[in-house]
Enquirer: 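My questions all concern the structure below.
Note that the structure is a prediction, hence the values are computed from the model and not measured. Proteins come first, then strands; the chains are lettered A, B, ... in the order of their sequence lines, and each starts at number 1. Worth knowing before you read on, the calculation uses all heavy atoms, side chains too, and leaves out hydrogens, waters and symmetry mates.
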There are 2 protein chains.
Amino acid sequence: MNKKQLQSEQTRKRIADAARHLFVQKGYKATSIEDITDATGSSKGNIYYHFKSKEGLFLYLLDEWDRDWIAKWQEKEHLYTSITEKMYGFAEQMVREDLNHPLTKAADEFFVGGDKTCEVEDRLAEMVESHLAFNRGLIQQGIDSGEFKPGAAEGLAVVLEALVIGLSQVSRRISLEQALDTYRLAIEVFLYGIAGRPET
Amino acid sequence: MNKKQLQSEQTRKRIADAARHLFVQKGYKATSIEDITDATGSSKGNIYYHFKSKEGLFLYLLDEWDRDWIAKWQEKEHLYTSITEKMYGFAEQMVREDLNHPLTKAADEFFVGGDKTCEVEDRLAEMVESHLAFNRGLIQQGIDSGEFKPGAAEGLAVVLEALVIGLSQVSRRISLEQALDTYRLAIEVFLYGIAGRPET
DNA sequence: TAATATACTGAACGAAAGTTCAGGATTCAA
DNA sequence: TTGAATCCTGAACTTTCGTTCAGTATATTA
């Protein structure tokens, strides 16, 4: 690889990292291009050389995060011997990865804000659906294996998604250790809730 | 009351109602003063005649909501004969009131955004604490009455808060009926989760 | 009815933020 | 070495948005 290409890739990464950090910390609208230049040392123009726009930069981060998350999950998934264990693994990966998730806080601004591009809108709808599908799959696996009581997998997937979204918001201002505890407790409650719930 | 005072109060209410609706729907930053004038028909200046600033308007809505919520809760609280029932009542009031809650979506922008006034910061910290205290109280009541297993009331209060926050976000794009179902299912899971959880 | 207070208007201001662009610096290829 | 491609700069432009203010209309009061 060229020296030029290498340097280009490095600054691209530097910008992406700084942007992700800022989006996570401050949200999408609240972080300005100038915030990113301040954090990276490079100029405004340089950001627009590497990325189409602010929105494009955010979209890039979303894709990047998505790929990483799936990859990390697939690495570990087969190690778990029960679905219950898998759920705790899911929670652990959530707290370790999603607390730095650019979507977590920033996506909500997009969802509701009126000035979103079609591209972003589609991308986000896609991500929500894939989250719900993931949850649904997990719960269904537990039902099939006999660990969870059958029924209402669809509704429970939504409840689990709500729990995860809420946890990531609540956890934003506490330590990683506390966050892990809270997540574990939440999953514990969720699992016992599923188990104890009367069949429908 | 004067005709003038009456009219003044009416427009004040009209502005507040429109603003609340918009803040809920679009978030704080995303709704402009012009959005509000468009929705009310009155002018920009008129908003600043009735309210100190955009932030002041938001703060006014927070206070108003807080008072209403507590009042409505206290009206119903004594009607419930068990804490379990109370929890479902809590969920129902949540979905009926909080889905229109100006804080739900807008507060998060304040929490993290760097440009918040001390006044707002204090007000929000206060509200979070009172929420947690409310949850803690509810859970403790259940423990004291023997309905819930003892232990970890503090942690469970946080989990419940997370659940509620997540639910209100997830529910923003579905019908009231579906939201009610989801909330009920969530509370059911939470209650069975508490009940089935091993004592700590 | 005249004077005052209250309710309201809308153009204009200024700050903030996303985006562009002409041009400079550095590296690559011939 | 020289021309071209690539990487980068930062000032300037544009738009958006909160806020202000001089002025108008309506109601109250004396």
Enquirer: Of the listed nucleotides (D:dA27, C:dG10, C:dG18), which one gets closest to any side-chain atom of B:Lys3?
Expert: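 Within the option list, the nearest is D:dA27.
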Enquirer: Can a side chain N or O of B:Lys4 be found less than 4.0 Å away from OP1 or OP2 on C:dT6?
Expert: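 For C:dT6, OP1/OP2 do not have a side-chain N/O of B:Lys4 under 4.0 Å.
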Enquirer: Ring of A:Tyr48, cation from A:Lys54 - is the NZ or CZ under 6.0 Å from the centre and inside 45° of the axis?
Expert: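 Verdict for A:Tyr48: no cation-pi partner in A:Lys54.
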Enquirer: Can you tell me if A:Tyr49 touches the phosphate of D:dC8, counting only side-chain N or O atoms and a distance under 4.0 Å to OP1 or OP2?
Expert: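 It does not, given that no N or O in the side chain of A:Tyr49 lies less than 4.0 Å from OP1 or OP2 of D:dC8.
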Enquirer: Less than 6.0 angstrom from the centroid, inside 45 degrees of the normal: does B:Arg20 satisfy that with respect to the ring of B:Tyr60?
Expert: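 So B:Arg20 doesn't make the cation-pi contact.
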Enquirer: Below 4.0 angstrom from OP1 or OP2 of C:dA7, is there any side-chain N or O of B:Ser8?
Expert: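 Yes, such a contact exists.
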Enquirer: Counting the atoms with a prime plus P, OP1 and OP2 as sugar-phosphate, which does A:Thr31 contact under 4.0 Å by heavy atoms, base, sugar-phosphate, or nothing?
Expert: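 Touches sugar-phosphate only.
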Enquirer: Within 45 degrees of the axis of the six-membered ring of B:Phe51 and under 6.0 Å from its centre: does B:Arg12 put its NZ or CZ there?
Expert: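 Relative to the ring axis of B:Phe51, which defines the angle, B:Arg12 lies inside both limits.
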Enquirer: Assign each of A:Ser42 and B:Gln5 to its nearest nucleotide of DNA chain D by heavy atoms, then name whichever residue's nucleotide is nearer the 5' end.
Expert: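 The residue whose closest nucleotide sits nearer the 5' end is A:Ser42.
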Enquirer: Taking everything shown except B:Glu64 itself, do over 12 heavy atoms lie less than 6.0 Å from its CD?
Expert: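 Atom CD in B:Glu64 is packed in, count exceeds 12.
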Enquirer: How close or far is atom C1' of C:dT19 from atom CG of A:Leu57, stated in whole angstroms?
Expert: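 Rounded to the whole Å, the gap is 14 Å.
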Enquirer: From D:dT19, C:dT19, D:dT9, pick the nucleotide closest to the side chain of B:Ile33?
Expert: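 Selected nucleotide: D:dT19.
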Enquirer: Looking at C:dC8, I'd like to know if its phosphate oxygens (OP1 or OP2) sit under 4.0 Å from a side-chain N or O belonging to B:Thr11.
Expert: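 Yes, B:Thr11 has a side-chain N/O under 4.0 Å of OP1/OP2 on C:dC8.
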Enquirer: Is there a side-chain polar atom (N or O) of B:Tyr48 under 4.0 Å from OP1 or OP2 of D:dT19?
Expert: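 Yes, such a contact exists.
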Enquirer: Ignoring backbone atoms, test whether A:Asn46 places a side-chain nitrogen or oxygen under 4.0 Å from the OP1 or OP2 oxygen of D:dC7.
Expert: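 Checking D:dC7 against A:Asn46, no side-chain N or O comes under 4.0 Å of OP1 or OP2.
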Enquirer: Could you work out which one of D:dT9, C:dA29, D:dA27 sits closest to the side chain of A:Asn2?
Expert: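 Closest nucleotide to the A:Asn2 side chain: C:dA29.
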Enquirer: In terms of the nearest nucleotide of DNA chain D, which residue is placed more toward the 5' end: B:Lys54 or B:Gln7?
Expert: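 Residue closer to the 5' terminus by nearest nucleotide: B:Lys54.
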